[in-house]
Peer 1: 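Here it is, the structure, as structure tokens.
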Amino acid sequence: ALIAKHVQVNVDDVQVTMDRGERMSTLRAYTTLLGDANRAEQEYGKARGLARKTDLTAADTVAAQKKLMVAGFRGEGLDRALLAVADVASMAAPEDRQLAMERLGKAFGDIRSKGKLQGEELKQLSEAGIGRGLVMEELARMGVKIVERPVRYKPRSKHLGKKIRATAVF
């Protein structure tokens, strides 16, 4: 029993050292992205706090937050985007949560970089578990202008005729 207790302490020490190293690495990345060590510490704390309030792991929420920061989200926009990602991911099956967070982070980043929501981003959102109807309802509720225009497909395409393309302009 004494040997087992000694081995357990060593394993815990290694885990604490690994956690500290990951934390420092994340804080360095956040400081680089935000340009301020104090803001980096605050944002890191927000992600870990969100993980404590949900079934998500701290590593998943921190990774999602980092992706959103790289995509250009800051301040309140970052908080809302991270909360949205966490909400949807927490509804997914436990084994699918990380993938849902990655997909949502990519979709939000693409929407932000383009400044509009188009078919490809709607597809990314639907793959992550958010249906087109729900997205359109939420955008309308937020007062985002939806521009719909007919799209003609080339004759070589097997899809002849018109379809409607919706674009949300932010």
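Sequence positions, counted from 1, serve as the residue numbers for this chain. In this text the structure is predicted, and so the values were computed from the model without any measurement.
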Peer 1: Quick one: list whatever passes side chain to side chain contact (heavy atoms under 4.5 Å, CB included) with E41, sequence neighbours left out.
Peer 2: R23, L27
Peer 1: What's the shortest heavy-atom distance between D60 and M101, and which atoms?
Peer 2: O-CE, 3.5 Å
Peer 1: List, one per line, each side-chain donor-acceptor pair under 3.5 Å for residues 76-89, sequence neighbours excluded.
Peer 2:
{"residue": "D79", "atom": "OD1", "partner": "K46", "partner atom": "NZ", "Å": "3.4"}
{"residue": "D79", "atom": "OD2", "partner": "K46", "partner atom": "NZ", "Å": "3.2"}

Peer 1: For the CZ atom on R48, are there more than 12 heavy atoms of other groups (residues, nucleotides or ligands in this structure) within a distance under 6.0 Å?
Peer 2: no
Peer 1: Can you give me the closest heavy-atom contact between T31 and A37, atom names plus distance?
Peer 2: OG1-CA, 3.7 Å
Peer 1: So, using side chain to side chain contact (heavy atoms under 4.5 Å, CB included) as the criterion, who are the partners of A51 when residues are at least two apart?
Peer 2: A58, T61
Peer 1: How long is the gap from CZ on R97 to CE on M91, to the nearest 0.5 Å?
Peer 2: 10.5 Å
Peer 1: Can you tell which of K106, R112, K114 makes a side chain to side chain donor-acceptor pair (under 3.5 Å) with E121?
Peer 2: K114
Peer 1: Distance check, rounded to the nearest 0.5 Å: R28 atom CZ versus L33 atom CG?
Peer 2: 13.5 Å
Peer 1: With rounding to the nearest 0.5 angstrom, report the CG to CG distance, L134 to L125.
Peer 2: 9.5 Å
Peer 1: Locate the shortest heavy-atom distance separating R103 from A128; write the atom from each residue and the value.
Peer 2: CB-CB, 3.9 Å
Peer 1: State which residues pass salt bridge (Lys or Arg N to Asp or Glu O under 4.0 Å) with K123; sequence neighbours excluded, sorted by chain then number.
Peer 2: none
Peer 1: Do any side-chain atoms of residues 62-73 form donor-acceptor pairs under 3.5 angstrom with protein atoms, and if so which ones, sequence neighbours left out?
Peer 2:
{"residue": "Q65", "atom": "OE1", "partner": "Y30", "partner atom": "OH", "Å": "2.6"}
{"residue": "Q65", "atom": "NE2", "partner": "E43", "partner atom": "O", "Å": "3.0"}
{"residue": "Q65", "atom": "NE2", "partner": "E43", "partner atom": "OE1", "Å": "3.3"}

Peer 1: What pairs with E120 under salt bridge (Lys or Arg N to Asp or Glu O under 4.0 Å), at least two apart in sequence or on another chain?
Peer 2: none
